[in-house]
Amino acid sequence: MQRGQQPQVMILNQQAAKKEEGRKVQLENIMAGKAVADVIRTCLGPRAMLKMLMDPMGGIVMTSDGNAILREIMVQHPAAKSLIETARSQDEEVGDGTTSVVILAGEMLAVASTFMEEQEHPVVVIGAYVRALEDILDMLKEIAKPIDTNDREALLSALNGVVGTKMARKWGRLVCEIALDAVQTVFLEDHGSKEIDIKRYAKVEKIPGGELEDSQVLKGVMFQKDVTHSGMRRKIVNPRIVLLDCNLEYKKGESKTDGEFSSDGDFTKMLELEEEYIKKLVDDIIKIKPDLVISEKGISDLAQHYLQKHNITAIRRLRKSDTNRIARACGATIANRPDELKESDVGTGAGLFEIRKVGDEYFSFIEECDNPKACTILLRGASKDILMEVERNLQDAMHAARNILLDPRLLAGGGATEMEVSVRLTEKAKSVQGLQQRPYIAVARALEVIPRTLIQNCGGNTIRALTSLRAKHATGDNSSWGVDGNEGDLVDMKTLGIWDPFLVKSQTIKTSIETAIMLLRIDKVVSGVKRAARSGGSQAPPPQQGEAASMGPV
């Protein structure tokens with residue numbers, strides 16, 4: 001190689017269909033984020049519009065829940081997919097604020113586009129965003145209001161602010177009471193640590209028919225099963241309950257099993273052995289004198305006969321999740337072998353077992369439990385679509401109740417907290433030196449997207465209301481003033497009783513800014529090729545220059 005000659009650069013990934021880098025990538029990511037945010041912008045607040053979605057199987061979903069909408073949308077751009085994952089993680093972490101987090105993340109990206117077009121280095125913008133996030137979290141702690149978790153009315157008032165923006169707000173009080181009762185039922189405190197497992201121990205049972213006012217939280221559990229034998233008792237007061245995780249039938253071979261009989265009596269002897277085996281299993285159960293036997297596996301006809309003779313009711317093939325709820329509600333222990341059953345394994349905490357017909361199906365109810373740490377929420381409603389939406393709203397309310405019990409602090413809703421933080425950030429920006437000052441102020445302006453969207457969605461005068469709200473927060477102690485999402489007027493949220501849990505609000509702002517930071521860090525996108533095999537095993541050639549790369553389903 002001659003001196004001064006440039007070394008030859010070898011391109012290893014020649015199969016890449018599309019390569020983009022630099023400002024173009026960052027601006028495209030910003031545009032994708034804004035596009036996703038615009039899809040669900042109208043779903044914020046009490047005047048939220050519904051979206052009708054059709055899934056690949058032909059089913060229809062009608063909802064205003066941000067996560068449910070984005071879950072059904074198929075997008076192509078990788079940045080848009082990242083934003084949808086943000087909504088999913090928000091839903092899993094705190095259960096609410098999925099619409100707000102996407103709108104806020106889209107706005108955080110939108111205000112950064114000016115700096116990208118001006119050739120500002122992304123690291124400068126990211127540094128300002130990180131600094132602003134730290135200051136925002138400190139400000140939220142300052143303006144948070146503590147709440148007494150023993151004051152039921154205060155808790156219901158806080159939950160009403162969550163349900164008030166949903167479709168179920170017509171039945172707001174009922175939904176709040178159901179959510180609070182369910183969460184307080186499954187609440188478990190052990191050695192100072194709090195556990196509220198809604199997903200595992202608070203099951204929602206939706207039964208079309210009746211009225212929504214008939215919905216209730218059972219002081220126990222219910223499941224869609226009937227007794228296995230017509231002669232068994234269908235109502236038992238103070239039942240002794242045994243839970244099994246094994247078959248009450250003769251063991252069969254796992255694969256094909258052959259048997260040879262040398263005489264006529266051998267077959268009869270085999271049947272007798274089967275009967276003796278099953279009788280021994282049942283005798284082990286009968287020893288501890290249960291009233292109700294529930295098995296996750298099968299119960300043979302012979303076992304049913306023996307159990308029925310001793311006035312024992314049996315239910316078979318129950319789901320593992322339902323068995324765990326029953327064990328927690330009545331104090332029973334799930335046994336793997338009948339011969340190992342002890343008196344301590346019997347559940348005696350339930351006051352009533354009864355089979356009832358609800359709608360067209362038979363359900364088993366285990367109720368009146370002494371100290372149930374599991375429950376079932378029975379939802380009734382006119383149609384399946386209404387029940388599905390009410391369940392989504394109820395899940396949000398339950399997560400809000402859980403968040404308040406775990407961290408009993410509240411922040412004003414209706415965009416009040418965002419505007420207060422925005423005004424404080426703008427004031428604090430005067431102390432920020434250098435190039436980071438403008439992106440720092442941009443974060444403050446981006447937070448105003450929440451009150452602005454609330455005003456837009458109820459048809460108010462956006463510019464006038466937003467200017468008045470900004471001035472209100474800049475003068476005096478008006479940190480709780482926000483937007484009435486129904487009328488578009490400025491109201492003190494203390495008067496309306498609109499509050500958001502501290503965990504939800506802080507997680508929303510944290511997730512949205514961190515998502516924007518992550519997308520602004522991307523400076524190169526390399527799209528792969530989908531290789532479709534031709535006949536004969538050869539691969540399809542890569543697309544020609546200028547062809548669009550396939551990034552997923554459209």
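Residue numbers count from 1 along this sequence.
- Figure legend: Arg234 and Tyr362 shown as a cation-pi pair, the cationic atom lying under 6.0 angstrom from the six-membered ring centre and within 45 degrees of its axis.
- A distance of 8.0 Å separates OH in Tyr250 from OH in Tyr277, rounded to the nearest 0.5 Å.
- The pair Arg152-Asp181 meets the salt-bridge criterion, since a charged nitrogen lies less than 4.0 angstrom from a carboxylate oxygen.
- Separating the OG atom in Ser100 from the CD atom in Gln507 is a distance of 12.5 Å, to the nearest 0.5 Å.
- Closest non-hydrogen pair, Ile285 versus Pro338, comes out as CG1-CB, 3.9 Å.
- More than 12 non-hydrogen atoms from other residues, nucleotides or ligands lie less than 6.0 angstrom from NZ of Lys297.
- Under the 3.5 Å distance criterion, the side-chain polar atoms of Ser215 are matched with a main-chain donor or acceptor of Leu212.
- A cation-pi arrangement is absent between Arg356 and Phe363, since the terminal nitrogen or guanidinium carbon is not both under 6.0 Å from the aromatic centre and inside a 45° cone about the axis.
- By the 6.0 Å contact criterion, CG on Asp138 is enclosed, its count of non-hydrogen atoms from other residues, nucleotides or ligands being greater than 12.
- A salt bridge is defined here as a Lys NZ or Arg NE, NH1 or NH2 lying under 4.0 Å from an Asp or Glu carboxylate O, and Asp91 with Arg88 fails to meet this definition.
- Under a 4.0 Å N-O distance rule, the pair Asp322/Arg319 qualifies as a salt bridge.
- Both cation-pi conditions hold for Arg328 and Tyr201: the charged atom is under 6.0 angstrom from the six-membered ring centre and inside a 45 degree cone around its axis.
- Atom NZ of Lys320 has more than 12 neighbouring heavy atoms from other residues, nucleotides or ligands inside a 6.0 Å radius.
- Counting only N and O atoms by type, the side chains of Thr98 and Gln90 include no donor and acceptor under 3.5 Å apart.
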